[in-house]
Structure formats: structure tokens, C-alpha cells
Amino acid sequence: MAQVALETESTLTDRFQTTVPSSVRQALHLGKKDKIKYAIQSDGSVVISRAAAQQNDPIIGEFLAFIARDMQSNPGKVEPLSASMRESVDALVQGVDIDLDAPLLDEDE
């Protein structure tokens, strides 16, 4: 059995709800709207972990489907990116560093 590094507890409300203690949120790197996975062991113990992020964003999926339908319906409107447009995009993002795995700040949600 794994050695316990830290123990903490929380209380159930009348509606069987609880607040995830901050030490657990930090250990699992949980943020707002994240999901928690509960694995119930044969001995009755429960292992709590961060649930895997949903791979398919329904909003992005719908947007990409819209783009695909539009491209099929209007193939004449599809044009390659011009060199000048590429230069404009490069100038706009020059020096911008993006970490796609970083959590959003509260003000970004």
C-alpha cells in the first residue's frame, strides 16, 4: 500500500455535497469546471484522481463542421494564404508565447 504523504478531510452537507480541500485541489492540479474521477477499490477505499480532459470540444467541433460545409458548398471562395497576409500574421504574433496547457485565469473564463 502507498505511503500517505498528507491526510485531509471535508464534511458532507445535507445534500451530500462537499468542498474539495485546497491541498487535494493543488495535488491534482484542479481548476474550476475540472472533473474528478472516483475509483472504488475492492477493499472499500476510494482513489480520487483528476479525470482526463474531454478530447472533443463540441463548440469547436461544430465550428469546424460549419467551415467544412462552407468550403464544400463554396469551393471558389477558398484561397491560399498570400505572402503579405502571412507576414501580417507573423508581425501580429511576434514575441507572443502561448502555453496551450496552462490553465486559464479566472478573468479569462
Side-chain angles (χ1 to χ4, degrees):
M1 184 167 215
Q3 187 175 1
V4 177
L6 173 71
E7 286 187 358
T8 188
E9 61 183 44
S10 61
T11 303
L12 288 175
T13 67
D14 292 335
R15 296 179 61 197
F16 297 101
Q17 296 175 332
T18 190
T19 299
V20 178
S22 63
S23 58
V24 174
R25 291 193 310 267
Q26 291 171 359
L28 297 179
H29 305 287
L30 293 172
K32 293 179 181 179
K33 307 291 184 183
D34 284 343
K35 292 186 181 274
I36 300 171
K37 175 181 169 184
Y38 300 89
I40 302 170
Q41 307 297 306
S42 58
D43 67 357
S45 62
V46 179
V47 176
I48 299 174
S49 59
R50 180 183 178 138
Q54 182 179 353
Q55 295 298 319
N56 297 325
D57 184 325
I59 302 300
I60 293 198
E62 286 296 317
F63 176 71
L64 293 175
F66 166 77
I67 297 286
R69 286 191 306 270
D70 188 55
M71 289 170 64
Q72 288 176 343
S73 299
N74 305 293
K77 292 183 177 180
V78 178
E79 297 178 18
L81 192 63
S82 69
S84 65
M85 179 64 82
R86 175 64 188 198
E87 289 171 6
S88 295
V89 171
D90 286 342
L92 287 171
V93 297
Q94 186 176 14
V96 176
D97 194 24
I98 298 174
D99 180 359
L100 296 177
D101 294 322
L104 292 174
L105 301 173
D106 286 344
E107 59 266 17
D108 293 335
E109 291 186 13

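Basis for what follows: all heavy atoms, side chains included, without hydrogens, waters or symmetry-related copies.
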Output the distance between atom [atom1] ([X]) and atom [atom2] ([Y]), rounded to the nearest 0.5 Å.
X     : Y     : atom1 : atom2 : answer
Leu30 : Ser22 : CG    : OG    : 11.5 Å
Glu87 : Met85 : CD    : CE    : 11.5 Å
His29 : Arg50 : NE2   : CZ    : 8.0 Å
Arg25 : Thr19 : CZ    : OG1   : 7.5 Å
Arg69 : Asn74 : CZ    : CG    : 12.0 Å
Glu7  : Ser23 : CD    : OG    : 11.0 Å

Surrounding [atom1] of [X] (heavy atoms of other residues, nucleotides or ligands, distance under 6.0 Å), is the total greater than 12?
X     : atom1 : result
Gln17 : CD    : yes
Asp99 : CG    : yes
Ile59 : CD1   : no
Gln41 : CD    : yes
Ile60 : CD1   : no

Are [Y] and [X] connected into the same hydrophobic cluster when the rule is that any two of I, L, V, M, F, W, Y join if their side-chain heavy atoms are below 4.5 Å apart?
X     : Y     : result
Val47 : Val24 : no
Val20 : Ile40 : yes
Tyr38 : Leu28 : yes

>> For Ser10, is there any backbone N or O sitting under 3.5 Å from a side-chain donor or acceptor partner on Thr18?
In response: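 The answer is no, because no donor-acceptor pair under 3.5 Å joins these two groups.
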> side-chain contact (heavy atoms from CB on, under 4.5 Å) between Ile98 and Val96: does it pass, once the steps are laid out?
Replying inline: CA-CA 6 Å; Ile98 298 174; Val96 176; 3.8 Å; yes
>> Please give me the minimum heavy-atom distance between Ser45 and Asp43, naming the atom from each residue.
In response: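 Taking Ser45 first and Asp43 second, the nearest heavy atoms are OG-OD1, 2.6 Å.
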